[in-house]
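Working notes, structure below.
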Amino acid sequence: MTALARGGHRATLRSRREARAAYLFLAPWFAGLLVITVGPILASLYLSFTDYSLLEEAKWVGWDNYVRMFTQDTRFLQSLQVTTVYVVVSVPLQLAFALLLALVLDRGLRGLSFYRSIFYLPSLLGGSVAIAILWRKVFGADGLVNAVLAVFGIEGTGWVGHPDYALGTLILLHVWTFGAPMIIFLAGLRQIPSSYYEAASVDGAGWLRQFRSITLPLLTPIIFFNLVLELIKSFQSFTQAFIVSNGQGGPADSTLFYTLYLYLQGFKRFDMGYAAAMAWVLLLIIAGLTGVNFLASKYWVFYGDTK
Amino acid sequence: MATPSRPVPVLFRQFRGGPLAKHALLIGFGLVMLYPLVWMISSSLKPEELIFREPGLWPSEFTLENYTEGWNALKHPFSYYLWNSAVVTVLSVVANLVACSLAAYAFARLNFPLKKLWFAVMLGTIMLPYHVTIVPQYIMFSKLDLINTIWPLVMPKVLATDAFFVFLMVQFIRTLPRELDEAAEIDGAGYWRIFMRVVMPLCLPALATTAIFTFIWTWNDFLSQLLYLNNPDNFTVPVALRTFLDASSDSSWGPMFAMSIVALGPIFGFFLAGQKYLIRGVATTGLK
Amino acid sequence: MNSGKKKWSAALLATAVLAVTAACGSGSDGGSADGKVVLRFSYWGSDARQKMTEEAIKKFEEKNPTIDVEGEFSDFASYYESLSTKVAASDAPDVITLEIRALREYATRGTLADLSSKVNTADVDAKVLATGAIDGKQYAIPTGVNAFSLIVNPALVESSGQKLPDDTSWTWDDYVKLAAGVTSGSGGKVTGTQLSWNPAYLEIFAAQKGEPFYQGNQLGVSPQTITEWWGIMQNLIKDKGAPEAAKSSEIGATSVDQSLLGTNSGAMGMWWSNQLGAVVKASGQNLELLRMPKLAGAATGGMFMQPAMFYSASSKTEHAAEAAKFIDFMINDPEAGAIVLSDRGLPASSKVLAAVRDKLPEADQKTLAFLDEAKGELKDPPAAPPKGASAMEEMLTRYSEEVMFGRMEPADAAQKFIAEANAAIAG
């Protein structure tokens, strides 16, 4: 604003200087975009229009892969459905869980850093090969859950091996590894100037009011970040389904995640062209969702830098 | 605790029943969450043949054999793989901290032509699933003759391609009040100085988060390390761990569990160290 | 403020270190600095196999001081992903280990070199050797053989008040009855058997009905046969000879050491014969191999031998002669055989087998005796399956589970399975 008052010439000078600085700050990122990201992304776009077995040269087939995906491939639709259910259920659940624990573990009790670490541990294990076995120990036919149910006289089933429940156990696995969003929430909470709370305390606001009028609004950029990222990440979920279902998406395709199916097509059926087309459809889906997210964010996300 | 005098309201105040009950609640909840880990630790202390035969948590026979065997079972002692992982991981952390914060500052605070477009492009790079770019990327690095070096693992980080962290830092920087920058600008500071002296120190929680996540995710990353470091002399921990398993024949479960626990050590340690820096970033005075 | 500066200089320093480290790293990149030929050899497996293989490689390098063999190995789950990525980047290893179901995929796409007359195969059974040949070219040399068979824990069968069957004459009904008997006889502590969806199992069953599994680029199995085959498993579940569907699919996704037989909670199971050692080790019990049950009145038992793995050479290798030499060493040299033993199946070379016979672990001696005894009844080893066969097990498992959970009618599922399988292997 001050620059404007001093006259247009200075303003352009200033904005030119600012733009130059910005591009300097972004120089490594631009280099990375050019050297590492753009090539492979364009290559995958090209491949999505080809018949490419990985072992031979790619052959141009036009829109074939895309047409096949939407007209002939029921497993593609199945994978889309599985993934949608997974995303819609697990993302809000995990974020709510992470935010709740971040609030609990933010301050006010002895040994909080100990608890934080404990609750983060599952996330350290999340992608480990051991997880397949550990999950069976909990949700398998002879697992912990059934042992607990048996105490109440209920006979459980093999939850990981049943097509109706297997996806549910993977959703729980996702919620279980809530450590990453929790840490981001914690860092976000720490970013809120404590003077705000001090002022509010002086005014006699209770915790709920402080939460509603200080914590929540100031945390919205972080909530937004976690939401956007968790949506993207859970759409791309792969490792856990891969490990738990032994790479197959079973039982009976009930855990056939989108990227798992993409992987099976690309590397097990030697149909990398089709896999690339699937990747681009996924990109469009996620980009659409993220776009909606950003548009909606104008109504609920509050930034410290907006005046 | 870092700042005990904070007069801040706590969710816990709502609970009646004092700190003891809260601790009990947290510990109980923690135990449920950690059951799989406890099972793994218990299995790592059992003789290998009992792991799947004996259902109980408490081993009927204690042994450290899995640890000694796992440590020495592979071509090199396990410390060798820990070191390989440490090199890749530490370099990645440093690279990400520097490169991502530079880019994030520009996106969050500076105005420049096409900013919205570039920001969208940056987000777009997070969205493409890994399995499709991996083949073209491998082809590229192989043409550059960089297979079996750490370049394919570290160079993307040096060049800020981990857009996740750029976005993370952008969101954090945007929560900071602009007045701080403006005050520094009035004092005659340039963008570089504002970045170094104002924004970065206030972003300590975000930097700590970036460091923690980069460390953990790089430490656990399997596929790219397997692809790019495929000589057994270059193996990292996640790759080495998988070699205990063989889906079609007998796997060394005991040593695998034991070494998984050993491999948890460094990331857990880094997490413990890193989370201390998740302290309050913004000074309490001078802001209204 | 000061700490910011310190951090910055630390970052710069680290970047410098990074550049240096990376520069050093590239020095060790597969070149032949000391004039040696570097041969890359890819295989999958566990730590035990890696140790053995490294030992064999060392022996080879002693005998061939001008060749330096670099083993590239990974776990099985990621093996093909990493291999095909390397092939796509024209960065294929010189010597490649493959399984039979992926062989045609790689061979017919120009990835593999013809090894005819480059590797001595005089001591390998001609019929077994033929499985590695496609269109008259020997793309791959079998490492060793296997047969898909039934493994039983006699002690558990007997303690449940049942008798071991006469495996030369038993039928599928006998099998279901025995399994159910074990479960009820043990009061549910031991389950009779566990389900298998291995295509080899269906192949054996189909052979008993006189149907080949593959007929050219088509499935040769009829829907009726598949329906009947599923009937066996449905009866097993119904009579409690096998765990209910959910538990069965849970167990099906695990490795042999977590199987019912491996954990002594089941009395039978079906695996490849070279997995006997692993199951024995897991269970700590004395286990026996049995012939598969037969259909009443079937002309053949349908069992067959199949190579466990193959060695092949990349068609793009610059060191074709050395690659062949290394494969020759691994197949024919008794010293290599003495190290590798039966890790890659019972040695395909009769000479090597004779030389190492007494050194084989007990379980493998048993397998050998079993195969010798059953030899006359075995079918010829099947040719390499068509392209797309790598997905067969996954497809069969999926449709089988649909049927076991009652989500699809068997006849309908059989039709759909055949249609999907035919589409996958057609091209």
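A, B, ... follow the sequence lines: proteins, then strands. Residue 1 opens every chain.
Within a 6.0 Å sphere centred on CD of B/E65, heavy atoms belonging to other residues, nucleotides or ligands number 12 at most. For C/Q285, the CD atom counts as densely surrounded, since its 6.0 Å shell holds more than 12 non-hydrogen atoms of other residues, nucleotides or ligands.
For the salt bridge (charged side-chain N to carboxylate O under 4.0 Å, His left out) condition, the pairs that include at least one residue of residues 278-287 of chain C, sequence neighbours left out, are B/D250-C/K281.
Looking at C/S283, the atoms closer than 4.5 Å to chain B (heavy atoms on both sides) all sit in the backbone: N, CA, C or O. Only the side chain of B/F222 comes within less than 4.5 Å of a heavy atom of chain C; its backbone N, CA, C and O stay farther away. Looking at B/L74, both its backbone and its side chain come within 4.5 Å of chain C, counting heavy atoms on both sides.
The minimum heavy-atom distance between C/F73 and B/F235, with the atom names listed, is O-CZ, 3.1 Å. Closest approach of B/R242 to C/D75, counting heavy atoms only: CD-OD2, 3.6 Å.
For the pair C/D91 and B/Y138, the minimum side-chain heavy-atom distance is below 4.5 Å.
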Less than 3.5 Å apart, which donor and acceptor atoms pair up between the side chains of residues 82-89 of chain C and the rest of the protein, not counting sequence neighbours?
unit_1, atom_1, unit_2, atom_2, d
C/S84, OG, C/Y80, O, 2.7
C/S84, OG, C/E81, O, 3.4
C/T85, OG1, C/E81, O, 2.7
C/K86, NZ, C/E72, OE1, 2.9

